[in-house]
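Working notes, beginning with the structure itself.
Chain identifiers are assigned alphabetically (A, B, ...) following the order of the sequence lines, protein sequences preceding nucleic acid strands; residue numbering begins at 1 within each chain.
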There are 2 protein chains.
Amino acid sequence: MSDRGNTNAKRAAYDLRQRIIKGELPGGTRLFEVALAEELDVSRTPVREAMSRLAEEGLLERAQSGGFVVRSFTHADVVDAIELRGVLEGTAVRLAAEAGVSDEQISHVNELVGRIDACFAVSGQPDLDLYSELNAAFHDELSRLCPSPIVQSELERVKSLPFASPSAFVFRQRDRDGMIQSLILAQAQHRAMIEAIAGREGARAEALAREHARIARRNLEAKALGADFAHPAMALVVE
Amino acid sequence: MSDRGNTNAKRAAYDLRQRIIKGELPGGTRLFEVALAEELDVSRTPVREAMSRLAEEGLLERAQSGGFVVRSFTHADVVDAIELRGVLEGTAVRLAAEAGVSDEQISHVNELVGRIDACFAVSGQPDLDLYSELNAAFHDELSRLCPSPIVQSELERVKSLPFASPSAFVFRQRDRDGMIQSLILAQAQHRAMIEAIAGREGARAEALAREHARIARRNLEAKALGADFAHPAMALVVE
DNA sequence: ATACACGGGAATGTATACAAAGCGCGGCGC
DNA sequence: GCGCCGCGCTTTGTATACATTCCCGTGTAT
């Protein structure tokens, strides 16, 4: 299994990443090269390489005396990461609005928003998997509108945290009505953001992006209250 | 020379970092392990380790086909990094204001601001080195007020770019008067930020931090216009 | 002339042996 | 009994040999 990537180091990084995200390696766990090398059936060299890459992603920290430790995230960290994502997305769309974007780009993101509508326009259950995918694609497009590669890459960095990605907390809410309402709100914000960018309203675009991120926070807190709190992206949260 | 750190990898990282910051290794330069290993008189292993660390810092990028390339920064990137620092510092102080900070912390940063005054209160030339140091310390304290470790660490990350640090463009302006005026403005903003944080005025604190970062941008642009444009932190900017 | 294939060299990927450093445990002396 | 010293084990650090891959240039065949 998991032949992702062609080198042992990439495969090891993939496996390690999965184990961390699944929560099999809780925050604070010290990773020992030899043990991992045996488990993954490679030598220490690609293991070190893999740990290095995961440290770049922010999933591991370098321990003081060498070696790596699984980074631990508290509930507050998750909330803050979502807030930070909102701030950075806000900056990205503000800069896009201020710099101006081409009509082609606007119609491209508009088309994406239209396709999102289709996920829950039909009478049956909404297609949540498709929604997640298209929603992520929409947010990726938004970041692509940003004229600053620096801001773009920091935004991408934060979004790579599993619980800070735009489609991390796409509900699974109990009541269908609440879910639909949430989706309608999100779509309204999507369209308003595009309108603001097209109209060069930087401050509006920024405020909308920040508020938009609050949906994720609200969903997160709704889940935290519910008894069956078991979202995959939350496995790596300790405390 | 450069026995910084006790392992060969840390020493190699230090040497490489210096060479990149000095501009000896311009953006886009592909780094070859064997060549570097010979130059630094170590084996390939610590060289890889060093490159890994510099990639985490954002000074290197992983090339598609393996290996590392010196990250290249355009003038626009520098401007954007300063903007981003303002945004993140703004978020940090907003969160600090919203969460509230203790009186001890407030008086601590206040004391730092007072010590900054001393750098240019005397009649002679201002002590710019001391100013840079205290200014950096002040900004570090600001980030420490932020209740969110996530925001803190991303802010620290951006500040670690040599040209995005708060004291990267501390003038060296020709005219002493302009320099003093710039310092007075900066200090006024410093004090206003503290006041806003103490008074729980999140939005004000955020706006002030963003505007405060514009001083660096202005200094940068003033330099770009001048003929003798040779700021140490700009050596790694290409184009 | 062009396209494809083969070769060779240069670069990274990998394994492994050995070095050194950090930490804990146990023994010894007081 | 208590404290300190030192030894040994564990773990990372380093060097190096070998494997693999990829790029590029050259040659040949159509």
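- Residues satisfying the side chain to side chain contact (heavy atoms under 4.5 Å, CB included) criterion with A:A216, sequence neighbours excluded, are A:I82, A:R85.
- For B:E57, the side-chain hydrogen bond (donor to acceptor under 3.5 Å, both in side chains) partners are B:R17, not counting sequence neighbours.
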Just distance, no hydrogens or angles: give the donor-acceptor pairs under 3.5 Å from side chains in residues 43-51 of chain B, sequence neighbours left out.
unit_1 : atom_1 : unit_2 : atom_2 : d
B:S43  : OG     : B:T45  : N      : 3.4
B:R44  : NE     : B:E33  : OE1    : 2.8
B:R44  : NH2    : B:E33  : OE1    : 2.9
B:R48  : NH1    : B:E33  : OE1    : 3.4
B:R48  : NH1    : B:E33  : OE2    : 2.8
B:E49  : OE2    : A:R62  : NH1    : 2.9
B:E49  : OE2    : B:R53  : NE     : 3.1
B:E49  : OE2    : B:R53  : NH2    : 3.4

Check the interface with nucleotides 8-12 of chain C: list each N/O to N/O pair with the protein under 3.5 Å, or write none.
unit_1 : atom_1 : unit_2 : atom_2 : d
C:dT12 : OP1    : B:L31  : O      : 3.4
C:dT12 : OP2    : B:E33  : N      : 3.3

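- Classified by interplanar angle (parallel below 30°, tilted 30° to 60°, perpendicular above 60°), the ring pair A:H212/A:H139 is parallel.
- Among residues two or more places apart in sequence or in another chain, the ring-ring contact (aromatic ring centres under 6.0 Å, His included) test is passed with B:F32 by none.
- Under a 3.5 Å cut-off, the side chain of A:D77 and the backbone N or O of A:T74 do form a donor-acceptor pair.
- You can see that DNA chain D meets the heavy atoms of chain A within a 4.0 Å-exclusive cut from D:dT11 to D:dG13, reading 5' to 3'.
- In terms of heavy atoms, B:S148 sits closest to B:L95 at CB-CD1, 4.1 Å.
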